[in-house]
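Numbered from 1 within each chain, the chains take letters A, B, ... in sequence-line order.
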4 protein chains.
Amino acid sequence: MEKDSKGQIVEVALQLFGDHGMKDVSFNQVIKASGLSKGAVYHHFASKQELIKACVIAFWEKMTIEVINAPIEEMPLKDVLSFLQLKSSEIIQEGEQKNDSIFELYISMLFYVRKEPELIPIPKKYFGAFKDKLINCIKNDQKRGTIKKDISAETTALLILSAAEGHGLYTISCVLDDPQEELKNLLNQIYNSITI
Amino acid sequence: MEKDSKGQIVEVALQLFGDHGMKDVSFNQVIKASGLSKGAVYHHFASKQELIKACVIAFWEKMTIEVINAPIEEMPLKDVLSFLQLKSSEIIQEGEQKNDSIFELYISMLFYVRKEPELIPIPKKYFGAFKDKLINCIKNDQKRGTIKKDISAETTALLILSAAEGHGLYTISCVLDDPQEELKNLLNQIYNSITI
Amino acid sequence: MEKDSKGQIVEVALQLFGDHGMKDVSFNQVIKASGLSKGAVYHHFASKQELIKACVIAFWEKMTIEVINAPIEEMPLKDVLSFLQLKSSEIIQEGEQKNDSIFELYISMLFYVRKEPELIPIPKKYFGAFKDKLINCIKNDQKRGTIKKDISAETTALLILSAAEGHGLYTISCVLDDPQEELKNLLNQIYNSITI
Amino acid sequence: MEKDSKGQIVEVALQLFGDHGMKDVSFNQVIKASGLSKGAVYHHFASKQELIKACVIAFWEKMTIEVINAPIEEMPLKDVLSFLQLKSSEIIQEGEQKNDSIFELYISMLFYVRKEPELIPIPKKYFGAFKDKLINCIKNDQKRGTIKKDISAETTALLILSAAEGHGLYTISCVLDDPQEELKNLLNQIYNSITI
DNA sequence: GATGAATGAGTGTTCATTCAT
DNA sequence: TATGAATGAACACTCATTCAT
């Protein structure tokens with residue numbers, strides 16, 4: 001019997017932000033889409049800024065939970081990289097249909113945080129969780145003897161994440177000819193360079 | 001003795017876009033900053049869209065020229081990577097002072113192109129030139145015998161660019177603890193994995 | 001052990017009105033400042049109008065009590081005029097620090113009453129009390145033989161009050177060069193013209 | 001063939017301010033009443049503040065011109081006082097019909113200036129012109145031998161103005177029983193006290 | 001070719017007030 | 001009696017754009 005208008009507004013706003021980009025969605029549009037009145041929305045969020053802040057927080061919390069729940073934990077790195085490729089291709093395909101891909105929203109969310117320094121810990125937590133999972137897999141593989149012992153798990157994890165991130169950006173901007181193939185090559189080269 | 005008002009307007013607009021972000025600069029602001037009258041600016045650009053398009057084109061042309069002129073051609077890859085690190089730290093430092101870094105503008109420019117498909121070749125040319133230069137360096141090093149011959153120059157170049165790009169994004173979003181150190185580690189790991 | 005929320009709300013509202021002007025204080029601000037909930041305040045005052053009306057009444061009652069308690073009764077007129085000067089300079093000094101002086105609120109209260117005719121008796125009572133006190137002093141002085149007997153105490157009292165009031169308005173509006181000196185001259189000229 | 005939208009807007013705004021009070025007239029109302037579009041009005045006045053400022057200036061300039069043109073110059077003081085009474089009763093009668101009298105606007109204009117110190121010279125000029133005219137009349141009467149020579153023309157002028165001003169305020173606020181009669185008494189008492 | 005007055009839909013925000021709980 | 005979620009008209013202001021001169 002809960003109403004939780006506040007949560008619903010954030011939900012609706014995130015949807016709109018994902019569809020048209022954060023900068024291109026007006027508060028009025030959010031209000032209209034929420035089905036509530038102007039005053040009601042302002043009752044929950046004193047300004048557009050505050051709504052956006054709530055959305056940014058909700059976005060990163062979702063992302064963090066997604067990472068935490070990702071079934072990566074005990075996988076060998078090989079499978080994790082395949083998992084990353086799969087996810088990436090899903091995002092790419094989704095992005096081709098919509099005007100603004102989830103990736104664009106993701107970047108807006110990063111940039112927004114940059115201007116509200118007190119929010120920095122939030123995406124940092126997401127990023128840290130992601131990196132830690134990768135590091136864990138690499139160390140497990142090192143124990144298993146499939147990955148060289150003198151490789152820094154930390155740096156390797158960051159390399160994988162950065163390469164995937166950069167590749168994502170290049171994909172979005174349409175400068176790559178065959179994004180999926182090229183991502184596979186990228187991750188393969190990294191993987192091959194650290195396996196025994 | 002041409003006035004080239006058109007070019008001047010683009011120049012002024014790019015300056016404003018760099019300072020406040022493309023979405024946060026109105027046509028009126030550009031007009032005011034240009035010192036020309038409303039009618040005059042509209043005489044050169046029939047709409048804001050057209051001005052933006054001209055700016056996007058000018059931006060990528062500048063970037064491409066910069067890459068083409070970069071003194072990378074005959075360097076060993078080692079030095080090229082140092083050069084990349086230097087550039088990166090320059091951008092980071094600049095970005096710390098301004099609200100919107102050049103990096104943010106760069107990403108806006110990528111995203112804009114995405115929605116105006118006929119412009120795609122323009123950043124693609126920039127990216128291609130960058131990648132070709134790297135490939136060239138790698139191949140030279142392979143000839144010199146400092147880099148393994150069985151490594152794909154193409155994939156390695158893309159790996160370097162992607163990793164740097166992704167690292168830039170992570171830096172901008174303040175999730176890294178020591179961006180410069182981490183970039184060094186990243187590039188070192190790549191370099192070590194391909195040297196003999 | 002009564003809470004007298006009603007009185008407290010009026011108190012808070014008067015404070016705000018004095019600080020920012022009656023027109024520039026919203027009902028919401030009063031509610032917030034009162035520390036009560038929206039519903040609670042509306043329970044006491046069915047509308048903003050009613051709250052204002054209560055404030056106007058409270059304001060004039062305070063003013064009336066102040067006049068009634070003023071230690072003027074048995075003073076010679078000479079001292080009363082000095083007393084007026086003192087009060088005036090106090091108000092001026094206070095008004096120089098705040099944005100809205102008590103004088104501005106006083107005038108708003110007068111103007112408000114004008115539009116709610118049933119309230120007219122309230123400031124009239126204040127004004128009457130003030131005038132009566134002055135008349136009394138003048139008549140006493142006439143008995144004492146210090147003031148001419150053929151002078152109308154009524155008109156003289158009104159003259160003093162009007163001159164002081166007008167002078168206050170000129171002071172507030174910054175058109176006088178040396179308000180305090182000029183008030184002294186004003187009252188002296190009146191006083192000299194009626195003394196024997 | 002001049003359009004002078006700017007002047008027309010000020011005219012319309014002053015009309016509305018006079019009718020409903022400065023604080024109770026919204027920019028939208030001015031825009032609607034002006035017959036122009038929102039953008040057009042904002043083209044001339046960058047903000048409501050600027051429009052108000054222009055109105056304040058225009059108001060005081062009108063008032064100053066009115067004083068300068070008043071046929072007071074060579075009159076004996078007696079007639080000038082009658083003239084003042086006449087003017088006052090005109091204002092009172094007008095004020096009884098409208099919600100907000102010209103007197104209320106006049107006071108708002110004084111108060112506004114108080115918060116924009118660079119405007120202070122403007123009503124000061126009006127006030128100075130008024131006082132100078134009175135002083136002149138008094139000095140002429142002193143030459144003619146109808147007014148005592150040992151009276152300060154300066155103080156007397158200020159006394160007349162203050163008393164009239166204060167009386168106006170009392171009239172507006174409905175605390176007087178017979179404003180016109182009382183003003184006559186007031187001015188008579190002043191006049192009688194300075195005549196030989 | 002160049003000017004700037006004019007347009008009107010749109011923005012984010014505030015307001016006094018109502019009403020289900 | 002008391003709460004605070006909800007309402008919607010109004011507010012000041014910005015925007016990209018048009019067009020008569």
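When rounded to the nearest whole Å, the span between NZ of D:K23 and P of F:dA10 equals 21 Å. Between the P atom of E:dT3 and the NZ atom of B:K32 lies a distance of 16 Å, rounded to the nearest Å. Atom CG of D:D24 and atom P of F:dA10 are 15 Å apart (whole Å). C:F45 places its CZ atom 13 Å from the P atom of F:dA2, with the value rounded to the nearest Å. Summarising the geometry, the separation between CD on C:E50 and C1' on E:dA16 is reported as 14 Å, rounded to the nearest angstrom. Taking atom NZ of residue C:K6 and atom C1' of nucleotide F:dA2, one finds them 16 Å apart after rounding to whole Å.
With E:dG4, F:dG8, E:dG1 as the candidates, the nucleotide lying closest to the side chain of A:S37 is F:dG8.
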With both pairing distances under 3.5 angstrom for Watson-Crick or G-U wobble, and | for a partner in another strand, the correct string for DNA chain F is .||||||||||||||||||||
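For the pair B:L36 and B:I9, the minimum side-chain heavy-atom distance is below 4.5 Å. Contact check for A:V56 versus A:E116: no side-chain heavy atoms found under the 4.5 Å cut-off.
Proximity of a side-chain donor or acceptor of C:E50 to a complementary backbone N or O of C:S47 within less than 3.5 Å is not detected.
Listed here is the closest heavy atom pair of C:C174 and D:I120: O-CG2, 3.6 Å. Considering every non-hydrogen atom in both C:M109 and C:C55, the closest pair reads CE-O, 4.2 Å.
B:Y126 and B:W60 have tilted rings, their planes meeting at an angle from 30° to 60° on a 0 to 90° scale. In this structure, A:Y106 and A:F59 have tilted ring planes: the angle between them lies in the 30° to 60° band. Using the six-membered ring where Trp is involved, A:Y42 and A:F27 have ring planes that are perpendicular, over 60° apart on the 30 and 60° scheme.
Proximity of C:H44 to the phosphate of F:dT1: no side-chain N or O atom is located under 4.0 Å from OP1 or OP2.
When each of C:I31 and B:A40 is assigned the nucleotide of DNA chain E bearing its nearest heavy atom, the one mapping closer to the 5' terminus is B:A40.
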Strictly under 3.5 Å: I want the nitrogen or oxygen pairs between protein and nucleotides 9-12 of chain E, one per line.
{"from": "E:dT11", "atom 1": "OP1", "to": "A:S26", "atom 2": "OG", "distance (Å)": "2.9"}
{"from": "E:dT11", "atom 1": "OP2", "to": "A:N28", "atom 2": "ND2", "distance (Å)": "3.2"}
{"from": "E:dG12", "atom 1": "OP1", "to": "A:F27", "atom 2": "N", "distance (Å)": "3.0"}
{"from": "E:dG12", "atom 1": "OP1", "to": "A:K48", "atom 2": "NZ", "distance (Å)": "2.9"}
{"from": "E:dG12", "atom 1": "OP2", "to": "A:F27", "atom 2": "N", "distance (Å)": "2.7"}
{"from": "E:dG12", "atom 1": "OP2", "to": "A:N28", "atom 2": "N", "distance (Å)": "3.2"}

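Applying the side-chain hydrogen bond (donor to acceptor under 3.5 Å, both in side chains) rule to B:E61 yields no partners; only residues at least two apart in sequence or on another chain are considered.
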